[in-house]
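The next block holds one structure in the form of structure tokens; read it before the comments.
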Amino acid sequence: MKAELTWQEAKAHTQAMELEIAALIPKDAVVSIDQKRKGVLLSCTKTQHNWNGSTTVTVTEGTKIEPILKEIKTHYQSGQYVVEDRLDIRGSYEVQISPHNTSDENYIVAEGLAPNQIRIDSGSECFTLPEGIYPGGDF
């Protein structure tokens, strides 16, 4: 963990990774990519937080989502990442991607709650907020 990491740097890196994952979805299946401009901070420890956001990719009707998620899983199994898969509470397949060099940063790629969507939920590496910055609200 870099002690000097700012929340802005954490957010920028995490959003870039969301878009990198979204770019792996076959272009002919993508209808739209909607990255939330703002996220929230969650506590890592008493003194540190991480930035959490998401990107939703809408795909064409009839697109089989699980094979796309399995391709994303394969792409990140390069040794640079810890990649796990499982079924979520709804029984849908999902993939979790975490860089080896941090225990905090992670991405969950799964079928969205609405039909024809793939959701990329993210959490950044932990960082310390500057003195006087309230962690509530949108970031």
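Only this structure's heavy atoms are used, side chains among them; waters, hydrogens and symmetry mates stay out.
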For Q117, side-chain contact (heavy atoms from CB on, under 4.5 Å) partners two or more places apart: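 Q117: side-chain contact (heavy atoms from CB on, under 4.5 Å) contacts with T56, T58, A114.
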Contacts of type side-chain contact (heavy atoms from CB on, under 4.5 Å), residue D34, not counting sequence neighbours: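 For D34 there are no side-chain contact (heavy atoms from CB on, under 4.5 Å) partners, ignoring immediate neighbours.
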E125 vs H13, side-chain hydrogen bond (donor to acceptor under 3.5 Å, both in side chains): CA-CA, chis, key distance, verdict: CA-CA 9 Å; E125 193 172 343; H13 170 79; over 6 Å; no
Nearest 0.5 angstrom please: [X] [atom1] to [Y] [atom2], how far?
X: K64; Y: L69; atom1: NZ; atom2: CG; answer: 13.5 Å
X: F127; Y: E9; atom1: CZ; atom2: CD; answer: 10.5 Å
X: Y107; Y: I97; atom1: OH; atom2: CD1; answer: 9.0 Å
X: Q96; Y: D121; atom1: CD; atom2: CG; answer: 10.5 Å
X: L41; Y: Q48; atom1: CG; atom2: CD; answer: 12.0 Å

Could you see if [X] belongs to whatever hydrophobic cluster contains [Y]? Use Ile, Leu, Val, Met, Phe, Trp, Tyr and a side-chain cutoff under 4.5 Å.
X: L42; Y: F139; answer: no
X: V40; Y: L5; answer: no
X: I118; Y: L113; answer: no
X: I72; Y: I108; answer: no
X: I65; Y: L87; answer: yes

Minimal non-hydrogen separation, V95 against V83, with atom names: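 Heavy-atom minimum between the residues: CG1-CG1, 3.8 Å.
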Minimum heavy-atom distance G79-H100, with the two atoms named: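 Minimum heavy-atom separation between G79 and H100: O-CD2, 2.6 Å.
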With [X] via side chain to side chain donor-acceptor pair (under 3.5 Å) - residues at least two apart:
X: E66; value: K70
X: N106; value: none
X: H75; value: none
X: T60; value: T63

Test salt bridge (charged side-chain N to carboxylate O under 4.0 Å, His left out) applied to [X] - qualifying residues, sequence neighbours left out:
X: E94; value: R86
X: K73; value: D85
X: R90; value: D88

Disulfide bond (SG atoms under 2.5 Å apart) contacts touching residues 25-61 (sequence neighbours left out):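 Every pair satisfying disulfide bond (SG atoms under 2.5 Å apart) with a residue in residues 25-61: C44-C126.
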Sequence neighbours excluded, every pair satisfying disulfide bond (SG atoms under 2.5 Å apart) that has a member inside residues 80-109: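 Matches after skipping sequence neighbours: none remain.
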4.5 Å side-chain heavy-atom contact, E105 and S124: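 With C-beta onward as the side chain, the pair stays apart.
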Contact check, side chains of W7 and L129, non-hydrogen atoms, under 4.5 Å: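 In short, these two side chains touch, coming nearer than 4.5 Å.
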Sidechain-backbone polar pair: K11 side chain, K38 backbone, donor-acceptor under 3.5 Å: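 Here the side-chain-to-backbone pair does not exist.
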What side-chain donor-acceptor pairs closer than 3.5 Å can you find for residues 15-27, not counting sequence neighbours?
from	atom 1	to	atom 2	distance (Å)
Q15	NE2	K36	O	3.0
E18	OE1	Q35	NE2	3.0
E18	OE1	T55	OG1	2.4
E18	OE2	S54	N	3.4
E18	OE2	S122	OG	2.4
E20	OE2	Y76	OH	2.7
K27	NZ	A23	O	3.0

